[in-house]
Amino acid sequence: MTVVDPETQTGWVPEAIEDEADEEMPLSLRLSIADTLTLGNATCGFMAVYFTTTGILTPYLQGSTESGMARHSAATAVILMLCAAVFDLFDGLVARKLRSSPMGAELDNLSDLISFGLAPAYFVLVYGMVADDAHQRVAAVGAIVVLLAVVLRLARFSCVTVKDGTFQGMPSPFGALTVVSIVLLELPFVATLLAILGTAWLMVSRVEYPKPRGPLAVAMLAWIVAAMGLLAAWAFDAPGGQLLLQTGCALQAVLGAVIPLFATARRVNNFRGNRREARAAQLP
């Protein structure tokens, strides 16, 4: 409300209203340090799509036979997804140590959708267009499944409460890196598609995955740095670069398959232990 001073005929806003406006507006507009890292995540995901388009898809559509440019662009796109995973790792750590804005959770979900949903799904789609033994329409279906799996996972993450220290289903950064690793392995098309669909299923499953905290976060960061090195060696055609890349991608795919087996075995052991305790309690 504006009050007019009868002597000066000028308007002024009561101090209480000014203070209220100062308190309300910055709360929803001011970004925290964690939010800035989250926006870095989204930027890396968008640039991954850009390099996949300009370095792989566009030269293919123009009839270019230069494989080096496509290799460099593919490596750059995957490295950008890895950088997005680093931003995603650190924005959570920073948010827990410092303050987070009211927009933090929404920004995180939207950024993850770009970097770990759209970018890998688009990578699969382009693979289906440029690979010799691939089928474009079938690959498009696989790409849609990956995208929808990430959408459903992020939506469920916002609604479902799980026990502390675990994720329900494969985390989207891990799933995205597993998908692109499967593509880079250059397996036969049917095997590649089945592995991609299996990864998408794991993302929406109820399999428990540990959250990257403490030593696990350090191990994850070290693995990401090592993966960047493997991609760089492959991109610049270093001696043994192809073998190193395939070894790293195979390890990523194996981890994606082994972790659910360990989690399932742990749940079975816990269930059996609870049954034994219940039977022992019933004995006289």
Side-chain angles (χ1 to χ4, degrees), residues 38 41-42 44-45 48-49 77-78 80-82 84-89 91-92 105-128 138-163 165-185 187 191-213 216-217 220 223-224 227 249-267:
T38 303
N41 172 5
C44 288
V49 173
V78 180
L80 284 166
M81 293 185 213
L82 289 166
V86 174
F87 279 118
D88 185 62
L89 175 64
D91 69 1
E106 287 74 15
L107 285 176
D108 190 59
N109 278 347
L110 292 172
S111 298
D112 286 354
L113 179 59
I114 296 171
S115 298
F116 311 125
L118 175 62
Y122 187 70
F123 198 81
V124 172
L125 179 65
V126 172
Y127 154 75
V138 180
V141 173
I144 292 172
V145 170
V146 171
L147 179 64
L148 294 181
V150 175
V151 171
L152 291 172
R153 170 175 171 72
L154 294 174
R156 187 179 66 184
F157 179 76
S158 301
C159 302
V160 177
T161 302
V162 297
K163 64 181 182 181
T166 62
F167 289 114
Q168 190 178 80
M170 179 183 286
S172 52
F174 193 87
L177 299 180
T178 303
V179 167
V180 297
S181 296
I182 292 168
V183 172
L184 292 175
L185 278 173
L187 300 172
T192 299
L193 182 65
L194 290 177
I196 289 172
L197 295 178
T199 303
W201 176 82
L202 285 173
M203 283 193 280
V204 296
S205 70
R206 295 186 178 181
V207 177
E208 293 181 352
Y209 285 77
K211 289 186 177 181
R213 294 178 180 175
L216 186 59
M220 179 179 175
W223 167 244
I224 290 174
C249 291
L251 181 59
Q252 175 71 31
V254 169
L255 284 174
V258 167
I259 292 177
L261 294 179
F262 276 108
T264 302
R266 185 175 61 182
R267 292 184 64 181

Which pair of heavy atoms, one from [X] and one from [Y], lies closest together, and at what distance?
{"X": "V145", "Y": "A200", "result": "CG1-CB, 3.7 Å"}
{"X": "V150", "Y": "S172", "result": "CG1-CB, 4.2 Å"}
{"X": "C44", "Y": "L80", "result": "CB-O, 3.3 Å"}

Are [X] and [Y] packed together at the side-chain level, in the sense that at least one heavy-atom pair is separated by less than 4.5 angstrom?
{"X": "Y127", "Y": "I182", "result": "no"}
{"X": "N41", "Y": "D112", "result": "yes"}
{"X": "V49", "Y": "I114", "result": "no"}
{"X": "V207", "Y": "M170", "result": "no"}
{"X": "L147", "Y": "L113", "result": "yes"}

What residues form a side-chain contact (heavy atoms from CB on, under 4.5 Å) with A139, not counting sequence neighbours?
F189
Hey, could you give me the [atom1]/[atom2] distance between [X] and [Y], rounded to the nearest 0.5 Å?
{"X": "I196", "Y": "F123", "atom1": "CD1", "atom2": "CZ", "result": "10.0 Å"}
{"X": "D88", "Y": "S111", "atom1": "CG", "atom2": "OG", "result": "8.5 Å"}
{"X": "L148", "Y": "M203", "atom1": "CG", "atom2": "CE", "result": "10.5 Å"}
{"X": "L177", "Y": "C249", "atom1": "CG", "atom2": "SG", "result": "10.0 Å"}
{"X": "T38", "Y": "D91", "atom1": "OG1", "atom2": "CG", "result": "3.5 Å"}

Identify each donor-acceptor pair in which a side-chain atom of residues 251-260 lies under 3.5 Å from a protein atom, sequence neighbours left out, and give them as a table.
| from | atom 1 | to | atom 2 | distance (Å) |
| --- | --- | --- | --- | --- |
| Q252 | OE1 | W223 | NE1 | 2.9 |
| Q252 | NE2 | T178 | OG1 | 3.1 |

Could you tell me whether the side chain of R153 and the main chain of Q168 form a donor-acceptor pair under 3.5 Å?
yes
Backbone of L187 reached by a side-chain donor or acceptor of T192 within 3.5 Å
yes
